[in-house]
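Below: one structure in structure tokens.
Basis for what follows: all heavy atoms, side chains included, without hydrogens, waters or symmetry-related copies. Whatever order the structure lists ligands and atoms in, that order sets their numbers, starting from 1. Note that this is a predicted model, so its numbers are computed, not measured.
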Amino acid sequence: MVPAVVERHPGVWTVEHPGAQHELAILRSKTTQRAEFRAAAERLGLYLAMAATASLETETVELETPLCRTQGRRRTEPIVLVPILRAGMLLLPAFLRLFPEARIGYLGLRRDERTLEPVLYYANIPPLQPRARIFVLDPMLATGGSMEAAVRFLQQQEGVSITAVCILAAPEGLERFRRSFPGVPVIAAAIDQGLNSQGFIVPGLGDAGDRAHGTGGAG
Ligand code: PRP
């Protein structure tokens, strides 16, 4: 049996499931049009969501099937999904399919084109209960600045447990993020070669936000 998820660095996991890698190839291709891009991101998001939530805690519950009494397991932790606007919205539908009761918070972060540093322009986070499991969603972890800013913002609330979920990560950004937050796991579909001079992940998939929203000349 081939492992579906592999730990590449301490706390950094890539989803190797063939279905996930199939969707990733669709996302990478420049001929993939917007509707299919969104659909492939949602399908890939399901694999990422399964991997990212594999350590959720459960408790035993008593229940009755049509045949007899038995036991089952029920999740115990409140789940909060935090897509980073805009591109993080691509992963939200998949997580909501699996966790329909999740609370949702939004962080608006855009990269300054010159410095590549993140600028926070919107924040709307629901009340975070002490045992909340927060999943920060952003397809691209490039310099790592946006994910770092998001986690720093969310960690103002003590006792929460955060997981970073992305489609692609660049080694440079991962290193920065792991230095800042060694205890925050990262789940990705792939770790790419690196960043180009404009801070784009190479080979990457282009600008996920533009491709999903039809901006920036993405058609
Ligand atoms: C992109 C991407 C990430 C960020 C990654 O967002 O969606 O949020 O850059 O870069 P970093 O790791 O170097 O911070 P962008 O600023 O293009 O905004 P958008 O999602 O609105 O398109």
Only heavy atoms of D207, strictly under 4.0 Å: list the atoms of ligand 1 that pass.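 So the atoms of ligand 1 that pass are 17 (O), 22 (O).
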
Nitrogen or oxygen of L141 less than 3.5 angstrom from that of ligand 1: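 Min N/O separation from ligand 1 is not below 3.5 Å for L141.
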
Sub-3.5 Å N/O-N/O distance, Y121 and ligand 1: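 For ligand 1, there is no N or O atom that lies under 3.5 Å from one belonging to Y121.
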
Any protein heavy atom lying closer than 4.0 Å to atom 1 (C) of ligand 1?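 Given the 4.0 Å cut-off, atom 1 (C) of ligand 1 does not count as touching protein heavy atoms.
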
Starting from atom 18 (O) of ligand 1, find the nearest protein heavy-atom neighbour and note its residue, name and distance.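 Ranking protein heavy atoms by distance from atom 18 (O) of ligand 1, first comes L109 O, 4.1 Å.
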
Based purely on interatomic distance, does A87 place a nitrogen or oxygen under 3.5 Å from a nitrogen or oxygen of ligand 1?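 Looking only at distances, the answer is yes, because the N/O contact criterion of under 3.5 Å is met.
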
What protein heavy atom sits nearest atom 10 (O) of ligand 1, and how far off is it?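 In this structure, atom 10 (O) of ligand 1 has R111 CD, 3.2 Å as its nearest protein heavy atom.
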
For residues 43-51, tabulate all N or O donor-acceptor pairs below 3.5 Å that involve a side-chain atom, not counting sequence neighbours.
{"unit_1": "R43", "atom_1": "NE", "unit_2": "E23", "atom_2": "OE1", "d": "3.0"}
{"unit_1": "R43", "atom_1": "NE", "unit_2": "E23", "atom_2": "OE2", "d": "2.9"}
{"unit_1": "R43", "atom_1": "NH2", "unit_2": "E23", "atom_2": "OE1", "d": "3.0"}
{"unit_1": "R43", "atom_1": "NH2", "unit_2": "E36", "atom_2": "OE2", "d": "3.0"}

Evaluate I84 for polar contact with ligand 1, using N/O atom pairs at a separation under 3.5 Å.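 No: no nitrogen or oxygen of I84 is under 3.5 Å from one in ligand 1.
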
Show me which atoms of ligand 1 lie under 4.0 Å from any heavy atom of G144.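 Contacts of ligand 1 toward G144, numbered from 1: 11 (P), 12 (O), 13 (O).
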
E172/R176 salt bridge by N-O under 4.0 Å criterion: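 The answer is no: the pair does not qualify as a salt bridge.
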
Modelled atom types, side-chain donor and acceptor of R74 and T58, under 3.5 Å: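 The criterion, which ignores hydrogens and geometry beyond distance, is not satisfied for T58 and R74.
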
Looking only at protein heavy atoms, identify the closest one to atom 14 (O) of ligand 1 and say how far it is in Å.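 It is S146 OG, 2.6 Å.
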
For ligand 1, which is the ligand I care about here, please tell me if D138 has any N or O atom under 3.5 Å from one of the ligand's N or O atoms.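 Yes, there is a polar N/O contact under 3.5 Å.
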
Say whether, by atom type as modelled, one donor and one acceptor occur between the side chain of Q21 and the main chain of V15 under 3.5 angstrom.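 Yes; at least one donor-acceptor contact below 3.5 Å.
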
Do R211 and T32 meet the criterion of a side-chain donor-acceptor pair at a distance under 3.5 Å?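 T32 and R211 do not have a side-chain donor-acceptor pair below 3.5 Å.
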
Output yes when E148 and R179 qualify as a salt bridge under the 4.0 Å nitrogen-oxygen rule, no when they do not.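 Salt bridge between E148 and R179, a charged N being under 4.0 Å from a carboxylate O: no.
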
Polar side-chain atom of R38 near backbone of A212 as donor-acceptor pair, under 3.5 Å: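 Present.
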
Name the closest protein heavy atom to atom 21 (O) of ligand 1, giving the residue it belongs to and the distance to 0.1 Å.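 For atom 21 (O) of ligand 1, the nearest protein heavy atom is R86 NE, 2.8 Å.
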
Polar proximity ligand 1 side, T143 side, N/O cut 3.5 Å exclusive: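 There is such a contact, yes.
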
Give the atoms of ligand 1, by number and element, whose distance to some non-hydrogen atom of A142 is under 4.0 Å.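 Under 4.0 Å from A142, ligand 1 has these atoms: 10 (O), 11 (P), 12 (O), 13 (O).
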
Please identify which atoms of ligand 1 are closer than 4.0 Å to at least one heavy atom of G209.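 The list of qualifying atoms is 22 (O).
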
Taking the side chain from Q155 and the backbone from F153, do they hold a donor-acceptor pair closer than 3.5 Å?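 Between the backbone of F153 and the side chain of Q155 there is no qualifying donor-acceptor contact (under 3.5 Å).
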
Within a strict 4.5 Å, meaning less than it, do heavy atoms of the I191 and V12 side chains meet?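 Sidechains of V12 and I191: in contact.
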
Distance flag for atom 6 (O) of ligand 1, protein heavy atom under 4.0 Å: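 There is no protein heavy atom less than 4.0 Å from atom 6 (O) of ligand 1.
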
Closest approach of I104 and P83, non-hydrogen atoms and distance?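 That would be CG2-CD, 4.0 Å.
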
